[in-house]
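First the proteins, then the strands, lettered A, B, ... as listed; each starts at 1.
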Protein chains: 2
Amino acid sequence: MSQLDTVHRILDAAEVLFAERGFTETSLRTITSTAGVNLAAVNYHFGSKKELIQAVFERFLTPFTEHLDRELSRRASADQQLKVDDLLQSLYQVALGGLASDGRDPKRFMRLLGLAYTQSQGHLRRFIVSRYGASYQRFAGLLRVALPDIDPVTFYWRLYFMLGATIFSLSSFDAIEAILREDFGAESSLDETLARLAPAAAALLTAQD
Amino acid sequence: MSQLDTVHRILDAAEVLFAERGFTETSLRTITSTAGVNLAAVNYHFGSKKELIQAVFERFLTPFTEHLDRELSRRASADQQLKVDDLLQSLYQVALGGLASDGRDPKRFMRLLGLAYTQSQGHLRRFIVSRYGASYQRFAGLLRVALPDIDPVTFYWRLYFMLGATIFSLSSFDAIEAILREDFGAESSLDETLARLAPAAAALLTAQD
DNA sequence: GTCTATAACGCGATAGAC
DNA sequence: GTCTATCGCGTTATAGAC
């Protein structure tokens, strides 16, 4: 088995298992046996479990922020000024859809983001902020320009409300979808849910006090 | 030290440590040494770590749902029909404020709820649903009556969006508050944040498609 | 570059003395 | 009811053979 295969197989197994169980709850033994590689391979290729966790996020966040940055630049050059709806559409449809078109599961990505937020992995938060903080700042800045009438503190709280609604509900997408399917017999696809989320998030951001 | 003291001290230490680090990341050794009790005391008084986790949630959720149920009954007997704003006010101001007036930290409660949501503790989810599901169903049912024009699947997705915005942002209240204080020099109290969250959540729920 | 074997340690839980 | 001591197991990480 080539080195590239081994690294790849470890990342694939770790991504799925972390998303299902969390970081602490997933042992290197489980990851390596699922991946079909030797236990020592993780420490050889990644150095430590922490660095493996960061590598899993890097593989999601780099294409995600690239899709988002590209789409924001495209829209910004076309329009005079980006509106709230444009920005949310960039975030939801393009960035997540772009991820899906790369063959990466956007629901799993959201689950990992939720874990990064609540599990106290200080190293992971530092890694994400230092590596991808610029893209976040750009998006937040454009949204701020699109909502000039809201006072700044309220604006930022609403930004976190919006992120919370997004990450929380999408990270539990499968569980929520299963409940609604049982109660109403109606299946919800990720696209339909994003189509429901976008106007709700826009209303949240633009609400009158 | 009396038995009541020991049980109490374990619960106090576990509540703080779980909220700070998560369940798996907090060992019984850390809990008992923080509480100043013997390691064996947890298994003696609670049976297992899982049952200790449930006891920590019980001590928050029982008064919380009692406050909420009482307030919903009070409002329902006064008004003809409860509106969205009434229901959100019951949830935010009264239930959380009631918790605070009992001397229980509502931010810590929100952090624990966030953990229960994202950390895969199957036993905890089953415990919460079986013990407190009725209060949740009642609140969701009243909110449904207040929003009859929205189609049912959209309504429930929005309910999860609203819960996500609430739990996610309040569970990270201290971290978000610190960022905003550094950037704008403006402190945000929990009350002020709830006063910002209520209209935003109402707008999210009542949005036009 | 990949393997086996193991070091070094922390975990939850419990038996048994007091 | 509280203590000490310990069992049995799982963990990450690494040394050394191949």
**Request:** Classify the nucleic acid contact of Ala40(A) as base, sugar-phosphate or nothing, counting any heavy atom under 4.0 Å across all strands shown.
**Result:** base
**Item:** d(CG, Asn38(A); C1', dA17(D)) in whole Å
**Value:** 13 Å
**Prompt:** Starting at CG of Asn43(A) and ending at P of dT4(C), how long is that distance when rounded to a whole Å?
**Reply:** 16 Å
**Prompt:** Is the cationic atom of Arg104(B) (NZ for Lys, CZ for Arg) positioned less than 6.0 Å from the six-membered ring centroid of Phe109(B) and within 45 degrees of its normal?
**Reply:** no
**Asked** What residue among Leu11(B), Val37(B), Leu52(B), Thr6(B) forms side chain to side chain contact (heavy atoms under 4.5 Å, CB included) with His45(B)?
**Response** Thr6(B)
**Fill in**
Residues in residues 25-34 of chain A with a heavy atom under 4.0 Å of DNA chain D, by number, are Thr26(A), Ser27(A), Leu28(A), Arg29(A)
**d(CG, Asp5(A); P, dG1(C)) in whole Å** = 14 Å
**Item:** Atom-pair distance (CD1 on Ile53(B); C1' on dC11(C)), nearest Å
**Value:** 14 Å
**Request:** In whole angstrom, give the distance that lies between atom OH of Tyr44(B) and atom P of dA17(C).
**Result:** 17 Å
**Rounded distance (Å) that lies between atom P of dG12(C) and atom CZ of Phe23(B)** = 14 Å
**Request:** State whether a side-chain donor-acceptor pair under 3.5 Å links Arg138(A) with Thr65(A).
**Result:** no
**Request:** Compare side-chain N and O positions of Thr6(A) against OP1 and OP2 of dT2(C) and report whether any pair is under 4.0 Å apart.
**Result:** yes
**Asked** Expressed in angstrom and rounded to an integer, what is the separation of Leu39(B) atom CG from dC3(D) atom P?
**Response** 11 Å
**Prompt:** Can you check the His45(A) NE2 to dA13(D) P distance for me, whole Å?
**Reply:** 15 Å
**Request:** Over 60° means perpendicular and under 30° means parallel, so classify the ring planes of Phe57(B) and Phe23(B), tilted if in between.
**Result:** tilted
**Message:** Please check this pair: side chain of Arg74(B) against backbone of Ser77(B), looking for a donor-acceptor N/O pair closer than 3.5 Å.
**Reply:** no
**Asked** Cut-off 3.5 Å, side chains only: do Ser171(A) and Tyr117(B) have a donor facing an acceptor?
**Response** no
**Fill in**
Closest of dA13(C), dA13(D), dG1(C) to the Ser48(A) side chain is dA13(D)
**Item:** Which residues share a ring-ring contact (aromatic ring centres under 6.0 Å, His included) with Tyr156(B), sequence neighbours left out
**Value:** Phe184(A)
